[in-house]
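Right, one structure below, let's go through it.
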There are 2 protein chains.
Amino acid sequence: MKRSNPEFLNGVPELLILRLLAERPMHGYDLVQSIRRASNEELAFGEGCIYPLLHKLEASGHLSSRREKLDGRSRVVYRVTARGQSRLVETWSEWRRVVQAVNQAIGGAGHACPASA
Amino acid sequence: MKRSNPEFLNGVPELLILRLLAERPMHGYDLVQSIRRASNEELAFGEGCIYPLLHKLEASGHLSSRREKLDGRSRVVYRVTARGQSRLVETWSEWRRVVQAVNQAIGGAGHACPASA
DNA sequence: ATAGATACCTCAAGGTTCGAGGTATGTCAA
DNA sequence: TTGACATACCTCGAACCTTGAGGTATCTAT
């Protein structure tokens with residue numbers, strides 16, 4: 001049951017976009033699907049989230065794009081800029097910092113574990 | 001540099017509140033400080049975030065509260081209800097699911113690691 | 001009475017993702 | 001040629017969350 005502004009997902013699309021595009025340039029539609037595949041179908045972000053983010057990241061100089069023709073289809077392919085690489089480093093570090101801190105706080109609070117999902 | 005709606009923190013205050021209160025009942029002010037301590041000063045949420053959340057969780061039946069007098073001071077002490085325990089299980093599971101999925105997507109995308117912070 | 005510490009409260013602002021609704025461009029079948 | 005379908009892209013209002021600012025209340029000590 002999803003809701004707007006879901007738990008724990010803030011900033012995740014941006015991190016994943018930067019990470020996956022650092023691996024290889026892709027167009028928007030492919031990116032949506034790659035995120036799903038890369039997370040074993042656990043994470044799925046709609047186009048309504050991904051495209052505005054791609055535009056935003058391009059406007060801020062973290063991504064660059066070019067319309068390319070591949071297999072008879074026209075696509076807008078995005079690549080990470082040097083600035084985007086720096087942003088990836090920051091974001092990835094922040095992710096790890098938060099995860100570590102939360103797990104520390106949860107684990108450090110005692111020994112009880114919730115039942116597995 | 002903090003900003004409203006910061007990265008990766010959505011839902012974290014609620015998870016930590018439930019977890020720490022499940023460990024022992026506390027008043028709001030103590031909770032703010034306990035979260036900071038439990039995370040080795042890595043996470044800090046202002047009262048402006050914690051109190052409205054405590055009120056919201058109490059309104060929804062996840063927490064109960066009682067004004068108590070301790071050491072000459074009056075405090076509102078919160079406890080987790082059975083309903084709140086269930087919510088903790090859900091939230092904790094969701095946290096673990098998201099962390100696992102993101103790490104899978106990030107790690108699975110290739111072998112490059114960002115420089116350590 | 002005032003200062004300081006402890007304890008609690010409220011709210012506007014800014015930003016994010018969801019989901020809905022749409023457009024555009026190719027291929028293929030009828 | 002037209003329509004269906006798949007691929008590809010776009011926009012926007014709604015809902016929601018945390019930040020940070022500004023405040024109130026209650027205690028002790030001077």
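Here is the naming used below: chain letters follow the sequence lines, and residue numbers restart at 1 for every chain.
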### Message
Looking at every non-hydrogen atom in both residues, tell me the closest pair between A:Leu54 and A:Gly28 and how far apart they are.
### Response
CD1-CA, 3.9 Å
Picking from [options], which would you name as closest to the side chain of [X]?
{"X": "A:Pro6", "options": "C:dT17, D:dT7, C:dA7", "value": "C:dT17"}
{"X": "A:Asn10", "options": "C:dT16, C:dC8, C:dG15", "value": "C:dT16"}
{"X": "A:Pro52", "options": "D:dC12, D:dT18, C:dT6", "value": "D:dC12"}
{"X": "A:Ser4", "options": "D:dA14, D:dT19, D:dA8", "value": "D:dA14"}
{"X": "A:Phe45", "options": "C:dC18, C:dC8, C:dA7", "value": "C:dC18"}

Name the nucleic acid region contacted by [X], choosing base, sugar-phosphate or nothing; use a 4.0 angstrom heavy-atom cut-off, strictly under.
{"X": "B:Glu47", "value": "base"}
{"X": "A:Arg73", "value": "base"}
{"X": "B:Pro13", "value": "sugar-phosphate"}
{"X": "B:Gly48", "value": "base"}

Figure out the [atom1]/[atom2] separation between [X] and [N], and round it to whole Å.
{"X": "A:Leu16", "N": "C:dT16", "atom1": "CG", "atom2": "P", "value": "15 Å"}
{"X": "A:Glu58", "N": "D:dC9", "atom1": "CD", "atom2": "P", "value": "12 Å"}
{"X": "A:Ile17", "N": "C:dT16", "atom1": "CD1", "atom2": "C1'", "value": "12 Å"}
{"X": "B:Leu70", "N": "D:dC27", "atom1": "CG", "atom2": "P", "value": "12 Å"}
{"X": "A:Leu9", "N": "D:dT18", "atom1": "CG", "atom2": "P", "value": "13 Å"}
{"X": "B:Leu54", "N": "C:dC8", "atom1": "CG", "atom2": "C1'", "value": "10 Å"}
{"X": "A:Gln33", "N": "D:dC9", "atom1": "CD", "atom2": "P", "value": "11 Å"}
{"X": "B:Leu53", "N": "D:dC16", "atom1": "CG", "atom2": "P", "value": "14 Å"}

Does a side-chain N or O of [X] approach OP1 or OP2 of [N] to a distance below 4.0 Å, or not?
{"X": "B:Lys69", "N": "D:dT26", "result": "no"}
{"X": "B:Tyr51", "N": "C:dC9", "result": "no"}
{"X": "A:Lys56", "N": "C:dT16", "result": "yes"}
{"X": "B:Tyr29", "N": "C:dC8", "result": "no"}

### Task
Take B:Ser74 and B:Ile50, find for each the nucleotide of DNA chain D with the closest heavy atom, and name the residue whose nucleotide sits nearer the 5' end.
B:Ile50
### Message
Under a 3.5 Å cutoff, is there a donor and acceptor pairing between the side chains of B:Arg79 and B:Ser65?
### Response
no
### Task
Determine the interplanar angle of the A:Tyr51 and A:His55 rings, folded into 0 to 90°, and report it as parallel if under 30°, tilted if 30 to 60°, perpendicular if over 60°.
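Tilted: the ring planes of A:Tyr51 and A:His55 meet at 30° to 60°.
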Under a 4.0 Å threshold between the charged nitrogen and the carboxylate oxygen, would [Y] count as salt-bridged to [X]?
{"X": "A:Arg36", "Y": "A:Glu41", "result": "yes"}
{"X": "A:Glu14", "Y": "A:Arg87", "result": "yes"}
{"X": "A:Arg66", "Y": "A:Glu58", "result": "no"}

